[in-house]
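Notes follow the structure.
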Amino acid sequence: MKEYDFRSVEKKWQKKWVEEKSFKAIDFHPTKPKFYVLYEFYNISGNLHLGHLKGTVPADALARYKRLQGFNVLFPIGGDAFGLPAENAAIKKGINPHDFVAAGMNSVVEQSKALGLSFDWDRTVCTSDPEYFKWTQWIFLQLLKNGKAYKKKGVVNFCPHCQTVLSNEDSQGGKCDRCGGDVVQEDRWVWFLKMKEYSEKLLENVQRINMAENLKDAQRNWIGKSEGMQVAFDLFDAQENKLGQIEIFTTCIETIYGITFVVLAPENELVDKFKNQISNFDEVMEYRKKTALRTEFERMSDTKQKTGCKLEGLHVVNPVNGAKVPVFLADFVLSGYGTGAVMAVPTHDQRDFEFAQAFGIPMIQVIEGDVSKAAVEKKEYLAKNSLMMNSAEFTSLPVKEAKEKIAQKVIEMGAGRRQTNFKMQDWPFNRQRYWGEPFPVVFCPKCGTVPLDESDLPLVLPQTDDYLPNANGDSPLSKIESFVNCKCPKCGGAAKRETDTMPNWAGSSWYWLRYMDPHNNDALVDIEKAKYWGSVDVYTGGTEHITRHVLYAFFWQNFLYEIGVVPTKDPFVRKMGSGLILDDTGKKMSKSSANGVSPLEVIEKYGADAARLHLHFLGGYEDNTPWTYDGITGITAFLDKVWQLQDMIEGEEVCKQHVFMLNRLIKKVGEDLEDLKLNTCISAFMIFIKKIRDDGFITKDELRQFLLLLNPLAPHITSEMYQQVFGSQILDDKWPEYDEKFLVEDEINLPVQVNGKMRQVVKVSKTASQEDILKLLCEKHPDIFSEGEQLKKVIFVPGKIINLLK
RNA sequence: GCGAGUGUGGCGGAAUGGCAGACGCACGGGACUUAAAAUCCCGAGGAUGAAAGUCCGUGAGGGUUCGACUCCCUCCACUCGCACCA
């Protein structure tokens with residue numbers, strides 16, 4: 001047997017798989033059940049690095065395993081190419097984004113093929129391809145027509161470096177997700193998608209999906225459901241004229257008798273409305289200006305330093321006791337959450353406590369506890385169910401009871417109602433950048449905002465050399481006269497196009513649907529095909545997009561379901577978040593930090609099978625794994641031993657000597673592949689092969705089954721060996737099945753404990769009774785148990801352990 | 001601050017109530033070789049012992065149990081997510 005030459009063998013099979021379309025998914029397969037495996041498609045902003053393999057290889061192994069099991073597997077790939085990441089990368093390299101993306105797409109395809117990934121290449125899509133984004137634009141039109149998209153001037157996150165508006169999801173922690181710079185708050189015209197309206201539905205998606213609990217928590221936390229009350233306070237001027245009402249949101253209605261002030265977010269429009277009644281208006285405007293200049297990051301980092309400004313000349317009245325209460329502006333109140341106004345109870349809310357101290361506002365304690373140094377907060381007083389004080393007829397009641405009774409009273413008075421709020425905001429959907437989907441919308445002086453006719457899609461992105469972002473944050477498209485000036489689709493008069501583009505998350509919010517029907521010119525997906533392929537069965541990829549892409553995906557899928565375009569509310573049945581590959585300093589390996597090791601480098605040195613196995617032998621799927629070449633010789637030695645099995649064939653059928661361990665291997669490999677536990681799966685193969693080598697032979701059928709089992713992980717070497725030994729293609733064979741009856745060994749090693757301490761291991765029959773074992777101990781290990789010895793108790797778990805208590 | 005998670009040999013990591021350290025790397029010994037590399041075989045948590053064995057051992061301390069890496073409580077360290085969300 002000549003040595004295994006991975007270079008020629010791997011190339012041969014990769015070529016064959018592509019040419020023969022070996023992994024083509026069949027729509028409406030007459031007999032095979034469908035199985036949809038998805039990997040989070042490639043972001044076209046750089047080369048592949050080893051981090052990508054953390055998601056692709058397990059998905060590939062699962063797809064190959066399911067195919068051998070007889071499923072009609074859909075395993076597609078594509079490119080996420082529009083948006084900031086690609087554009088920034090292109091600008092950095094000085095290449096036009098069109099060319100950059102074309103080259104990038106080509107590169108990831110070639111690298112995927114070199115890894116032996118079994119994608120269906122006829123279904124590849126790219127989000128910046130007009131054939132694709134035609135349907136992204138189409139979805140936007142449906143959102144607009146169904147009242148789920150609106151344009152509004154509002155205070156939003158803006159990145160001065162990237163010169164664009166960002167969503168909350170893109171500016172977590174007050175930092176731009178793309179450049180890491182500080183995000184500021186700016187007043188801008190923004191296209192919003194009504195994602196907030198879908199909060200409950202998204203929570204249901206989270207409930208239904210099969211996913212790690214910590215990831216679900218992150219999503220629930222992001223959506224941020226909170227149940228409380230909305231209460232109206234009458235607003236008066238200095239002469240006691242009623243001006244209107246201020247509505248506040250609270251989850252602590254039980255503290256309402258302790259209110260000593262009310263706080264509005266600095267942006268609150270009541271300030272403008274009643275400017276004539278505010279005697280210190282200049283001071284107020286100055287405070288407003290000051291807070292607007294603070295970055296989100298600054299606002300968050302000094303939370304102990306409360307700032308604010310009293311609205312002199314205005315006050316509100318507490319509806320439950322008629323108390324006169326002053327009104328402040330302060331930036332610890334967020335305009336986007338609840339009503340942008342809060343009732344402040346310094347004795348029972350730490351923020352209010354700090355604010356009251358800073359501004360010398362009196363405090364009223366309404367629940368028992370020590371409020372001399374800090375507020376006694378909800379968490380504490382609810383846990384203790386402390387007693388009420390200073391709260392009229394509710395004084396001396398336990399707080400839990402009082403909470404309900406006070407709520408009732410406020411409702412009966414007509415001053416408030418129960419209200420559920422969500423942290424998640426509507427999705428700011430436009431970017432002031434060139435490289436994105438143009439909005440299919442025009443502004444007509446006569447007709448207002450007019451959507452393009454669906455037949456005019458796609459609205460393509462005009463070619464230009466002047467695509468750099470503008471200093472004042474206007475889209476580069478606004479400079480292209482031929483694009484901007486157009487005719488109104490409604491009245492035919494002169495009109496102007498929207499010149500902002502959609503965010504990078506637009507194209508990725510529905511791409512799994514397009515794979516089901518990638519070449520359809522009449523619909524984003526044929527409804528019958530969508531019914532056939534259903535939801536993605538297993539979705540692999542990183543966890544960093546869990547509160548962004550995955551929530552956007554839930555949102556769009558729900559919307560498309562409501563308008564009858566797709567048959568299910570759930571895009572994914574199961575989402576499996578992969579860990580990261582870390583470099584030698586413990587940092588995440590990524591395209592942006594330029595520490596990525598190219599898979600091609602590993603493939604060149606050791607081969608694709610070795611690269612696939614080694615990376616996943618290093619650690620579990622969900623764990624962060626430090627990358628190293630150390631240990632890869634163990635993998636190459638293993639593959640050499642696999643190759644040598646061809647020389648060890650003796651006999652035909654599975655032999656008695658090997659039947660137990662072969663069945664055990666089949667069971668273990670199947671279970672581990674379902675859960676993407678590639679590391680323990682690989683070790684199971686190593687244990688098996690060691691035993692075969694000890695015995696010195698393998699039968700022909702044992703080898704056949706072994707190759708099938710290993711094929712999902714190491715497809716090249718197993719395909720070659722199978723062809724050489726059996727003369728046919730491994731892909732035409734079927735996954736082996738195990739039989740429970742072969743999984744029980746006749747003889748087992750039974751641990752013997754004395755008083756809970758391990759003393760001995762005895763070999764006994766699997767059916768041995770307690771008496772049998774005690775008898776055996778008398779004969780062979782009298783030091784542990786001898787004839788006639790008194791035992792206090794014996795714990796015997798058949799097949800597991802025996803524990804003698806003396 | 002809130003939420004979640006992790007902590008096991010020299011290293012990557014197995015084991016989710018029943019033989020801790022599977023499997024692999026590095027390491028030591030042996031075979032092959034003039035020699036080295038490669039390959040193959042054997043050994044190996046720590047302490048003690050010639051050995052059989054004994055004791056200790058999964059971040060620290062306590063608890064539940066016949067039996068705990070595994071379950072519960074307290075604490076320490078690290079990682080991640082969210083963060084003035086009323």
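Below, chains carry the letters A, B, ... as their sequence lines are ordered, and counting in each starts from 1.
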(Q) Looking only at the side chains, is there a donor atom on one of A/Ser226 and A/Asn421 sitting less than 3.5 Å from an acceptor on the other? (A) no
Q: Please report, rounded to the nearest Å, how far the C1' atom of B/C19 is from the NZ atom of A/Lys763.
A: 14 Å
Q: Starting at atom CG of A/Asn268, determine the distance to atom P of B/A86, rounded to an integer number of angstrom.
A: 18 Å
Q) Which glycosidic conformation, syn or anti, is assigned to B/G9 if syn requires a torsion within 90° of zero? A) syn
**Q.** Distance between C1' atoms of B/G17 and B/G9 (Å, rounded)
**A.** 24 Å
Q. To the side chain of A/Arg351, which of B/G12, B/C85, B/A22 is closest?
A. B/C85
**Q.** Nearest-nucleotide pick for A/Ile687, side chain only, options being B/C23, B/C84, B/C41
**A.** B/C23
**Q.** First encountered from the 5' end of RNA chain B, between A/Gly619 and A/Arg693
**A.** A/Gly619
Q | Paired nucleotide for B/A38 [Watson-Crick or G-U wobble; both distances under 3.5 Å] | A | none
Q: Starting from P on B/U8, measure out to CG on A/Asp623 and report it in whole angstrom.
A: 12 Å
Q. So, A/Asp170 versus A/Trp505: side-chain donor-acceptor pair below 3.5 Å or not?
A. yes
Q: Could you work out the separation of B/U58 and B/G63 based on their P atoms and round it to a whole Å?
A: 16 Å
Q: Please report, rounded to the nearest Å, how far the P atom of B/A4 is from the CD atom of A/Gln219.
A: 16 Å
Q.
In whole Å, I'd like the distance from the CG atom of A/Asp349 to the P atom of B/G1.
A. 16 Å
Q: Could you tell me whether the side chains of A/Gln230 and A/Arg418 share a donor-acceptor contact shorter than 3.5 Å?
A: no
Q.
Tell me the interatomic distance from A/Leu580, atom CG, to B/G5, atom P, rounded to whole angstroms.
A. 18 Å
(Q) Please determine whether any donor N or O and acceptor N or O are separated by less than 3.5 Å between the side chain of A/Asp630 and the base of B/C25. (A) no
Q | Test: A/Lys605 cationic atom under 6.0 Å from A/Tyr629 six-membered ring centre, within 45° of axis | A | yes
**Q.** Between A/Trp222 and A/Glu169, a side-chain donor and acceptor under 3.5 Å
**A.** yes
Q: Take atom C1' in B/G53 and the same atom in B/C71, then report the distance between them in whole Å.
A: 33 Å
Q | Minimum-distance nucleotide to A/Thr633 side chain [options: B/A26, B/C66, B/A83] | A | B/A26
Q | Euclidean distance for C1', B/U70 against B/U64 (whole angstrom) | A | 13 Å
(Q) Looking only at the side chain of A/Ala218 (C-beta and beyond, no hydrogens), which of the listed nucleotides B/C66, B/G81, B/G13 gets closest? (A) B/G81
**Q.** Side chain of A/Thr251 (C-beta onward), nearest among B/A86, B/G12, B/G67
**A.** B/A86
(Q) For the C1' atoms, the ones on B/G59 and on B/C55, what distance do you get once it is rounded to whole angstrom? (A) 22 Å
Q: Specify the separation, in whole Å, of atom CD of A/Glu377 and atom C1' of B/A86.
A: 10 Å
Q. Considering only side-chain heavy atoms of A/Asn679, which listed nucleotide, B/C19, B/G13, B/G67, is closest?
A. B/G13
Q) For the side chain to side chain contact (heavy atoms under 4.5 Å, CB included) test, which of A/Ile773, A/Val794, A/Asn755 pairs with A/Leu804? A) A/Val794
Q) Taking atom P of B/U79 as reference, at what distance in whole Å does atom CG of A/Asn214 sit? A) 17 Å
Q. Any side-chain N or O of A/Arg759 under 4.0 Å from OP1/OP2 of B/G53?
A. no
Q) Take atom NZ in A/Lys766; do more than 12 heavy atoms of anything else shown fall under 6.0 Å from it? A) yes
Q) For the side chain of A/Lys379, counting heavy atoms from C-beta on, which of B/G18, B/C2, B/G12 is nearest? A) B/C2
Q. Which value, in whole Å, describes the distance between the C1' atoms of nucleotides B/A83 and B/A14?
A. 37 Å
Q. For atom C1', what is the distance between B/G45 and B/G28, given to the nearest Å?
A. 16 Å
Q: Please determine, for the side chain of A/Val333, which listed nucleotide (B/G67, B/A86, B/C19) has the closest atom?
A: B/A86
Q.
So for A/Lys690 and B/C23, does any side-chain atom that can act as donor or acceptor lie under 3.5 Å from a complementary atom in the base?
A. no
Q.
I want to confirm an ordering. Mapping A/Met343 and A/Lys677 to their closest nucleotides on RNA chain B, which one lands closer to the 5' end?
A. A/Lys677
Q. Under a 3.5 Å cut-off for both distances, is B/U48 Watson-Crick or wobble paired, and to whom?
A. B/G53
Q: From the options B/G12, B/C19, B/C41, select the nucleotide whose nearest atom is closest to the side chain of A/Leu618.
A: B/G12
Q | Euclidean distance for P, B/A60 against B/A52 (whole angstrom) | A | 29 Å
